[in-house]
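Data block below; observations after.
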Amino acid sequence: MIAGSNTSIRSQIVYFLRSNAKACFTQIKTCDWDLFLSTNKHEKACLENQHVFVPFAFDTFGGLAPDAVNNAGTAYTKPTTEYTAEEYTMHMATNLESCYHMCQLVHPLLKISGVGSIVFISSVAGLIHVAVGSVYSATKGALNQLTKNLACEWAKDNIRTNCVAPWFTKTSLMEPALDNKEFLDQVSSRTPLKRFAEANEVSSSVAFLCLPAASYITGQTIAVDGGFTVNGFP
């Protein structure tokens with residue numbers, strides 16, 4: 001189950017999981033990986049939609065749904081003093097609350113599967129300072145901590161929880177920035193691999209964490225960032 005409307009990353013996750021579905025979960029038809037949670041134009045995965053979606057997923061998967069990927073997110077970049085209460089609430093609802101409530105709802109399905117896995121898609125902004133807005137960064141930092149808590153709390157239910165924290169990634173949302181040479185030069189100067197991530201580089205990391213190959217990995221936040229978060233003074 002994949003929640004969120006970033007189609008570039010989402011479609012790539014489905015591709016990788018479908019490619020490995022037969023080897024990993026023989027009881028699940030590969031076409032079932034096309035099951036998504038539809039969200040509104042602000043990507044707010046509201047609790048009402050989730051209460052409809054989860055029973056549907058239960059019936060579709062025959063009670064077995066081993067993976068839940070939380071990919072919902074939004075960001076408005078502005079100085080901290082300029083955020084309105086509504087903008088703060090919107091960020092928290094979309095980036096954190098939707099993921100938190102989805103985990104609550106899918107917990108029974110993941111537990112029944114016996115090989116449950118949750119993957120959050122966070123951001124390097126939750127690890128270090130990035131000038132993308134303090135509220136956005138706070139929600140991503142919260143996801144990184146939630147990853148650790150659920151990994152420990154739900155280990156007894158055979159549910160692993162991990163997080164992928166990307167740096168700037170080539171998606172439709174980032175297309176305007178790709179035409180900004182000054183911005184590209186700034187990113188390149190701070191990134192050892194000197195480029196943006198490709199969507200498939202992020203999604204393959206998410207898919208890996210869902211697979212049996214990652215069965216002993218839990219509670220981790222993996223930065224897919226071309227070395228950005230470890231790059232010190234040149």
Side-chain angles (χ1 to χ4, degrees), residues 1-6 9-10 13-14 17 24-25 28 32-33 35-40 42-61 63-74 89-123 126-127 136-166 202-203 205-211 214-222:
M1 294 177 288
I2 304 173
S5 62
N6 188 322
I9 293 177
R10 186 187 69 184
I13 294 171
V14 172
L17 289 178
C24 303
F25 310 112
I28 295 177
D32 287 339
W33 290 115
L35 186 60
F36 300 131
L37 173 64
S38 297
T39 58
N40 67 24
H42 297 300
E43 294 194 49
K44 182 179 179 181
C46 66
L47 199 55
E48 291 81 3
N49 285 346
Q50 292 175 341
H51 276 300
V52 173
F53 171 75
V54 173
F56 175 65
F58 187 90
D59 292 338
T60 301
F61 289 122
L64 292 171
D67 302 305
V69 177
N70 288 282
N71 185 39
T74 192
T89 299
M90 182 273 295
H91 276 85
M92 289 295 173
T94 304
N95 297 356
L96 178 59
E97 290 178 26
S98 65
C99 299
Y100 186 90
H101 292 310
M102 177 59 79
C103 290
Q104 289 179 309
L105 291 168
V106 301
H107 174 267
L109 282 73
L110 299 175
K111 182 177 180 179
I112 290 173
S113 77
V115 287
S117 174
I118 297 169
V119 182
F120 296 114
I121 297 183
S122 176
S123 168
L127 298 171
Y136 174 82
S137 299
T139 62
K140 296 305 184 179
L143 279 183
N144 296 343
Q145 182 60 44
L146 182 60
T147 297
K148 299 173 185 177
N149 285 94
L150 294 185
C152 296
E153 182 180 344
W154 290 355
K156 67 182 184 301
D157 299 323
N158 293 316
I159 298 172
R160 296 181 298 107
T161 306
N162 291 289
C163 187
V164 170
V202 176
S203 56
S205 300
V206 174
F208 165 72
L209 291 170
C210 294
L211 300 177
S215 59
Y216 202 58
I217 299 175
T218 193
Q220 303 304 307
T221 296
I222 299 175

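The analysis underlying the following values was restricted to heavy atoms, covering all of them including side chains, and did not include hydrogens, waters or symmetry mates.
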task = Check Lys148 against Gly219 and note the closest heavy-atom contact, atom names and distance.
result = CG-O, 3.9 Å
ask   = Roughly how far apart are Asn95 CG and Leu143 CG, rounded to 0.5 Å?
value = 7.5 Å
ask   = CH2 of Trp154 to CD1 of Ile118: how many Å apart, nearest 0.5 Å?
value = 5.0 Å
task = Taking all non-hydrogen atoms of both residues into account, name the closest pair between Asn158 and Gly114 and its distance.
result = CB-O, 3.3 Å
inquiry  = So, using side chain to side chain donor-acceptor pair (under 3.5 Å) as the criterion, who are the partners of Ser123 when residues are at least two apart?
reply    = none
Residues which pass side-chain contact (heavy atoms from CB on, under 4.5 Å) with Ser137, listed by chain and number, not counting sequence neighbours = Ala125, Val132
key: Residues in side chain to side chain donor-acceptor pair (under 3.5 Å) contact with Asn162, at least two apart in sequence or another chain   = none
Atom of Thr147, atom of Cys163 and distance for their closest heavy-atom approach = OG1-CB, 3.3 Å
inquiry  = Keeping Gln104 on the side-chain end and Met102 on the backbone end, is there a donor-acceptor pair under 3.5 Å?
reply    = no
remark   = By side chain to side chain donor-acceptor pair (under 3.5 Å), Thr161 pairs with (sequence neighbours left out) none
remark   = Applying side chain to side chain donor-acceptor pair (under 3.5 Å) to Gln145 and not counting sequence neighbours gives Asn149
note = So salt bridge (Lys or Arg N to Asp or Glu O under 4.0 Å) across residues 102-111, not counting sequence neighbours, yields Lys111-Asp157
inquiry  = Restricting to non-hydrogen atoms, name the atom on Val119 and the atom on Ser117 that form the minimum distance, rounded to 0.1 Å.
reply    = CG2-OG, 4.1 Å
key: Pairwise side-chain contact, Ile222 with Phe208, heavy-atom cut-off 4.5 Å (strictly under)   = no
request  = Report the distance from atom CG of Leu96 to atom NE2 of His101, rounding to the nearest 0.5 Å.
outcome  = 8.5 Å
key: Closest contact, heavy atoms only, Arg160 versus Thr218   = CA-OG1, 3.4 Å
key: Straight-line distance of Leu146 CG to Thr139 OG1, nearest 0.5 Å   = 12.0 Å
request  = Could you grab the distance from atom CG of Leu150 to atom OH of Tyr100, nearest 0.5 Å is fine?
outcome  = 7.5 Å
ask   = Say you draw a straight line from OG1 of Thr221 to NZ of Lys140; how long is it, rounded to the nearest 0.5 Å?
value = 11.5 Å
